Amino acid sequence: MIVFTQRMQFNYLDRSSLGEDEYVLTENDVVIIPDGCTYLKNGEVIPLTAENAGEVFGNATVPFPEPEDENISWSFDDETGVLTISGTGDMMDYNKNGLVEVSDTQMARVTSAPWGAFCKDIKSVVIEEGVTSVGNYAFYFSGDENTAGQLTSVQLPSTIKRIGDYAFNCCKELTEINLPEGLESLGEYAFYSCEKLSRIDLPDSLKTIRNDTFHNCGGLSQVRLPENLESIGNDAFYSCGALEAVTLPPHLKTIGNYAFIACSLKEITVPESVEYIGSAAFQLNKLKKATIEGTPGFDGNATFYNNASDLTICFKKARQFKSYEFFLGDFETTVFVPYGSTLNDNGQVVPLTAENASKAFRAASVVLILTPEVGGHSISLNGDIGLNFFITVPEDTELHFAWYNKTYDHTVTAADYDAASGYYKVQVNVAAAEMTYPITASCTINDIQFDAF
C-alpha cells in the first residue's frame with residue numbers, strides 16, 4: 001500500500017511508452033491519496049478523480065468516496081449489527097475500492113458503499129419495500145480471511161428486480177437470503193464463495209443464471225431452479241461440493257462451460273430443450289446416470305469426465321456423434337443410443353455400432369446398447385386377435401404393453417427370435433372389442449426405461 005499524506009500534483013503516465021521491464025502498478029496495489037490532488041497531462045492540470053486515476057497509477061486501486069445515493073437512505077444499529085436500507089428505485093452501483101483497517105499496518109479492500117467502513121460489523125441486512133436493486137459490489141468482501149465479516153442473513157423486499165455483480169461476494173458467513181418473485185437479473189459472482197449458504201430458491205421470474213454466480217459455494221446442497229430458466233452461465237455452480245441433486249427445467253437452452261464442475265451430482269437429466277452444453281459442464285461429479293433427452297451440441301470432450309466408475313449415459317434421441325466427443329476416464333461406462341445414430345469419423349459418416357463406439361467414447365470400456373427399433377407388426381387370429389410386434393432389443397429386455405384397462409409384460413428371450421424377419425417377435429392378445437383402443441409400449445434395459453412405440 002502506498003499512502004500520500006499531502007495534496008500534490010502528479011504526472012500523466014503514458015503506459016504505451018513504458019518498456020517491458022519498467023514497473024506498472026497492478027490492481028493488487030492500493031494507493032491512498034487526499035482530496036484535491038491533480039495531475040499534469042500535455043501541459044494541462046487536471047483534477048484527479050476515480051474515473052481518470054488510471055492515467056497516473058495504472059491499474060492500482062485508488063479509493064475515492066462514492067457520491068451520495070439519492071434513491072436510498074440507510075442506518076446501522078451497532079448494538080444489534082443490523083443495517084437497514086430504505087428508499088425507492090435502484091440502489092447505485094458501487095465498486096471494490098473501499099478499504100477497512102484490519103491492523104496497524106494492513107488495509108483490506110471491501111465495498112466502496114458508505115457502510116463499507118464498518119462492513120465487518122454488519123450481521124444482518126434488511127432492505128425495505130420500494131428499493132428495486134442491490135447495486136454492484138454492495139456488500140463485497142475481498143476474500144481475505146481478515147475481511148470475512150459477520151453477515152449471516154439478508155432480507156430482500158418484493159420490489160427487488162436486480163442483484164448486481166459481486167453484490168455478496170465472499171460473504172462467507174451468509175446462511176440465509178430470500179430471492180423474491182419478480183427478480184429478473186442476478187449478477188456475475190453475486191454469491192461467489194458464500195461458503196455457508198446451504199439453500200437457494202430461484203424465482204420463476206429469473207431466466208438467466210450468469211457466470212460464476214454461485215461459484216465456490218461449497219455448502220450449497222439445495223438449489224431450486226426457475227421453471228422458466230433458459231441459460232446457466234459458465235462456472236455458475238463451480239465447486240458446489242455439497243450439491244448432490246438438481247432438476248434442470250424444461251425450457252433450458254444453454255448450460256455453460258464448467259457450469260456444474262466439481263459438484264457432487266449423482267444423477268442428471270438434460271431436457272430436450274437444451275441446445276448447447278459447455279466444456280466440462282458435469283466433470284468431477286459423482287454421476288452414476290446421465291440422461292440426454294434431446295440432441296444438444298457438446299463443447300469439448302470432458303463433459304462427463306471423472307464421474308462414478310459405473311456411469312451410465314442414456315441418449316434418448318438418435319444423433320451424429322463425433323470422433324473423440326466424450327473422454328470418460330479409465331472405467332466401465334454403459335452408453336445407450338437409439339438406432340439411427342451415426343459416427344462422423346474424420347468426415348466419414350457411418351452407423352454407430354458397438355464395434356466403433358470407442359471412437360466416440362474414449363478412454364473407457366464402453367458397453368453400447370442400442371435402444372428399441374420396431375420393424376413392423378402383423379395380426380394373427382387364435383381366439384383373440386394376436387398383434388405381433390417385431391422389435392430389436394437386447395435379450396432380457398423387459399417389455400410392458402398397456403391398452404384399455406389391460407397390461408401385458410414380457411421378457412425377451414432367445415426363443416422369441418424370428419429368423420425370417422431378423423427381429424424378436426412378441427405377440428399381444430387383444431379382444432376384438434378392444435381393437436379401438438391404442439396400445440402403448442415401453443421397455444426397460446438395465447434399469448433404464450424407454451418409450452418403445
Side-chain angles (χ1 to χ4, degrees), residues 267 269 288-293 308-321 326 328 331-343 345 349-362 364-432 434-435 437-453:
E267 183 173 334
T269 297
K288 295 177 69 69
K289 180 181 176 182
T291 302
I292 315 298
E293 294 189 332
S309 60
D310 55 349
L311 171 64
T312 294
I313 304 176
C314 174
F315 293 89
K316 300 297 288 288
K317 286 193 171 184
R319 68 185 299 271
Q320 184 175 113
F321 293 86
F326 298 97
L328 298 171
F331 47 74
E332 185 82 5
T333 302
T334 302
V335 181
F336 294 85
V337 299
Y339 277 90
S341 294
T342 56
L343 172 67
D345 187 7
V349 179
V350 296
L352 185 70
T353 66
E355 288 70 31
N356 63 22
S358 61
K359 291 186 176 182
F361 303 94
R362 294 293 184 92
S365 176
V366 175
V367 179
L368 186 71
I369 300 178
L370 300 177
T371 54
E373 178 186 46
V374 178
H377 59 272
S378 64
I379 298 177
S380 61
L381 297 175
N382 56 347
D384 289 332
I385 298 174
L387 298 179
N388 303 309
F389 294 95
F390 298 87
I391 187 169
T392 298
V393 290
E395 289 185 17
D396 298 323
T397 296
E398 298 174 5
L399 296 176
H400 177 78
F401 297 86
W403 72 99
Y404 187 44
N405 60 356
K406 296 183 178 180
T407 61
Y408 172 64
D409 296 316
H410 179 78
T411 300
V412 175
T413 68
D416 296 318
Y417 185 71
D418 180 63
S421 65
Y423 291 88
Y424 290 96
K425 178 182 176 182
V426 180
Q427 185 176 88
V428 178
N429 294 323
V430 180
E434 300 164 359
M435 285 293 291
Y437 294 95
I439 295 179
T440 60
S442 62
C443 66
T444 302
I445 309 172
N446 283 21
D447 297 325
I448 304 269
Q449 181 172 308
F450 299 87
D451 294 328
F453 43 87

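Keep in mind that the numbers below use all heavy atoms, side chains included, and drop hydrogens, waters and symmetry copies. Worth saying up front: this structure is predicted, and the values here are computed from it rather than measured. Along the sequence shown, residues are numbered consecutively beginning with 1.
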Relative to each other, are the rings of Phe361 and Phe321 parallel, tilted or perpendicular (30° and 60° limits)?
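Because their plane-to-plane angle lies in the 30° to 60° range, the rings of Phe361 and Phe321 count as tilted.
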Nearest heavy-atom neighbours spanning [X] and [Y]:
X	Y	result
Ala318	Ser341	CA-OG, 3.4 Å
Thr397	Cys443	CG2-CB, 3.7 Å
Ile385	Ala432	CD1-CA, 3.9 Å
Pro438	Trp403	O-CB, 3.4 Å

Results of salt bridge (Lys or Arg N to Asp or Glu O under 4.0 Å) for Asp310 - residues two or more places apart only:
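Residues passing salt bridge (Lys or Arg N to Asp or Glu O under 4.0 Å) with Asp310: Lys288.
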Who pairs with Glu434 by salt bridge (Lys or Arg N to Asp or Glu O under 4.0 Å), at least two apart in sequence or on another chain?
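Once residues adjacent in sequence are excluded, the partners of Glu434 under the salt bridge (Lys or Arg N to Asp or Glu O under 4.0 Å) criterion are Lys406.
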[Y] and [X], any side-chain heavy atoms less than 4.5 Å apart:
X	Y	value
Glu398	Asp409	no
Ile292	Arg319	no
Asp418	Asn388	no
Phe401	Leu387	no

I'd like to know whether OH of Tyr417 has more than 12 heavy-atom contacts from other residues, nucleotides or ligands below 6.0 angstrom.
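Yes - once you tally the heavy atoms of other residues, nucleotides and ligands closer than 6.0 Å, there are more than 12.
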Quick one: list whatever passes side-chain contact (heavy atoms from CB on, under 4.5 Å) with Glu267, sequence neighbours left out.
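Glu267 satisfies side-chain contact (heavy atoms from CB on, under 4.5 Å) with Lys289 only.
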Looking at residues at least two apart in the chain, or sitting in another chain, which of them share a side-chain contact (heavy atoms from CB on, under 4.5 Å) with Thr269?
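Checked Thr269 against side-chain contact (heavy atoms from CB on, under 4.5 Å); matches are Thr291, Glu293.
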Qualifying residues under side chain to side chain donor-acceptor pair (under 3.5 Å), relative to Lys425, sequence neighbours excluded:
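With neighbours one apart ignored, the set is empty.
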Any residue meeting side chain to side chain donor-acceptor pair (under 3.5 Å) with Thr342, in chain and number order, not counting sequence neighbours
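Checked Thr342 against side chain to side chain donor-acceptor pair (under 3.5 Å); zero matches.
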Spatial distance of atom [atom1] ([X]) from atom [atom2] ([Y]) [nearest 0.5 Å]:
X	Y	atom1	atom2	answer
Gln427	Tyr408	CD	OH	8.0 Å
Thr440	His400	OG1	NE2	7.0 Å
Thr411	Leu399	OG1	CG	7.5 Å
Leu343	Lys359	CG	NZ	7.0 Å

Any side-chain donor near an acceptor of the partner, Tyr424 and Glu395, under 3.5 Å:
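Note: Tyr424 and Glu395 side chains meet the donor-acceptor criterion.
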Just do the side-chain contact (heavy atoms from CB on, under 4.5 Å) check on Phe389 and Tyr423 with the steps written out, would you?
CA-CA 9 Å; Phe389 294 95; Tyr423 291 88; over 6 Å; no
Mind running side-chain contact (heavy atoms from CB on, under 4.5 Å) on Asn356 and Asp345 for me, showing each step along the way?
CA-CA 9 Å; Asn356 63 22; Asp345 187 7; over 6 Å; no
